[in-house]
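Heads up, the thing below is written out as structure tokens.
What you see is a predicted model; the values in this text were computed from it and never measured.
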Amino acid sequence: IRADTREALWLGSVLVTALFFNRLSMQSFEPDKAELLRALALVAAVALLFGVGRSGEGTGARDPWRWLLATPLLRPALLLCIAAGLATWLSVDPGSSLWGSYPRRQGLATQSAYMILFVAVAVRLRSRRQLEHLVSAFILAAVPMAVFALMQHQGLDPTRWSSRVLPIVSTQGNTVFLAAWLVMVVPLVLHRLAVSLAAATRGLSGPAGVLPVGVVVVQVAAPATTPC
């Protein structure tokens, strides 16, 4: 499995999971997103095992697993997984704890998918270029998300929902989740905007500066029209 293919996998996971919803299902959002995320995590796990087994291929280290275990952020993540596993094992309803409730699907299986994708990125993200690609994926996902929210606010939602949803949920199905994504992306957008403005002052302005400005405008407008 080529390194660029593995990178495309976790970049695609960001974009697809953020924007996917199924208007034909009863819940439309979270259960479907969770199932998609688990499938992507399974593919990422297979790619990770095949790739890392090749003595640090593309990682800049002889032993990527040793490097990963030395990463400080991994320790609290492992503790979280252990706590979730113990909670599932000791739960009064292990089935629900493992697979999650129907409306949310946030059980141990989904938490494990988060951990797998975290490890896949931690092992393979080795260059500034890869980091910029990941930042771009989060920003690009926010653009249709925010535009869809503005369309819903203006009563221009083209989707006929099979069940009642809140007025402004975009592709997230919940105003809180929508606001959380946009707030998370704001610092990344501001950084890109600052870089673009700095390049413009040096006479290097171009299309790279257009996207961050548009995203800032949309993201400022979308949370302002989102009900609490």
Side-chain angles (χ1 to χ4, degrees), residues 1 6-53 59 63-125 134 137-138 141 145 162-166 169-185:
I1 302 176
R6 290 190 292 266
E7 181 181 352
L9 176 61
W10 39 267
L11 292 177
S13 299
V14 173
L15 289 168
V16 174
T17 308
L19 300 178
F20 175 78
F21 62 88
N22 181 10
R23 69 179 184 85
L24 299 179
S25 67
M26 288 299 297
Q27 296 295 329
S28 299
F29 297 99
E30 293 170 65
D32 303 270
K33 287 178 181 288
E35 297 297 338
L36 176 62
L37 182 71
R38 293 173 189 173
L40 291 170
L42 182 60
V43 176
V46 174
L48 185 65
L49 291 175
F50 275 96
V52 175
T59 63
D63 190 348
W65 290 115
R66 182 176 300 175
W67 176 90
L68 182 63
L69 292 175
T71 303
L73 189 58
L74 181 67
R75 298 165 190 170
L78 285 175
L79 289 175
L80 179 62
C81 286
I82 293 172
L86 288 174
T88 301
W89 181 38
L90 300 174
S91 172
V92 295
D93 187 356
S96 296
S97 297
L98 176 61
W99 301 111
S101 64
Y102 176 70
R104 290 286 187 263
R105 288 288 190 246
Q106 293 298 317
L108 181 62
T110 304
Q111 297 295 324
S112 299
Y114 295 150
M115 185 63 180
I116 290 171
L117 290 174
F118 164 74
V119 172
V121 174
V123 168
R124 290 301 170 185
L125 199 153
L134 184 60
F138 279 97
M145 194 182 299
S162 59
S163 60
R164 181 183 177 275
V165 295
L166 294 175
V169 296
S170 189
T171 63
Q172 298 303 296
N174 189 296
T175 55
V176 175
F177 300 159
L178 171 62
W181 186 282
L182 296 180
V183 168
M184 176 180 66
V185 173

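- To the nearest 0.5 angstrom, Ser112 atom OG is 8.0 Å from Leu98 atom CG.
- When atom types are taken as modelled, the side chain of Ser170 and the backbone of Met145 share a donor-acceptor pair closer than 3.5 angstrom.
- Remark: side-chain polar atoms of Thr171 are paired, donor with acceptor, to backbone N or O of Ala18 under 3.5 angstrom.
- When all heavy atoms are compared, the tightest approach of Leu108 to Gly85 is CD1-N, 4.0 Å.
- For the pair Thr110 (side chain) and Arg105 (backbone), a donor-acceptor distance under 3.5 Å is present.
- Panel note: side chain Gln106, backbone Ser101; no donor-acceptor pair is recorded below 3.5 Å.
- Here the side chains of Leu78 and Met115 are in contact, with some heavy-atom distance below 4.5 Å.
- Shortest non-hydrogen contact noted between Ala44 and Leu117 is CB-CD2, 3.9 Å.
- Between Phe20 and Asp32, some side-chain heavy-atom pair lies under the 4.5 Å cut-off.
- Under 4.0 Å is where a charged nitrogen must lie from a carboxylate oxygen, and between Arg38 and Glu35 at least one such pair does.
- Pro31 and Pro103 get closest at one heavy-atom pair: CD-O, 3.6 Å.
- Separation of atoms CG (Leu37) and CG (Leu42) is listed at 11.5 Å; rounding is to 0.5 Å.
- Looking at Leu74 and Phe118, their side chains come closer than 4.5 Å, going by heavy atoms from C-beta outward.
- Contact record, Leu15 with Ala141: CD2-N, 3.7 Å, taken as the closest heavy-atom pair.
- In this structure, CG on Leu36 lies 4.5 Å from OG1 on Thr17, to the nearest 0.5 angstrom.
- Taken to the nearest 0.5 Å, the CG atom of Leu182 stands 4.5 Å off from the CG atom of Leu178.
- Looking at every heavy atom in both residues, Ser96 comes nearest to Asp93 through OG-OD2, 2.7 Å.
- The minimum heavy-atom distance between Ile116 and Ala41, with the atom names listed, is CG2-O, 3.3 Å.
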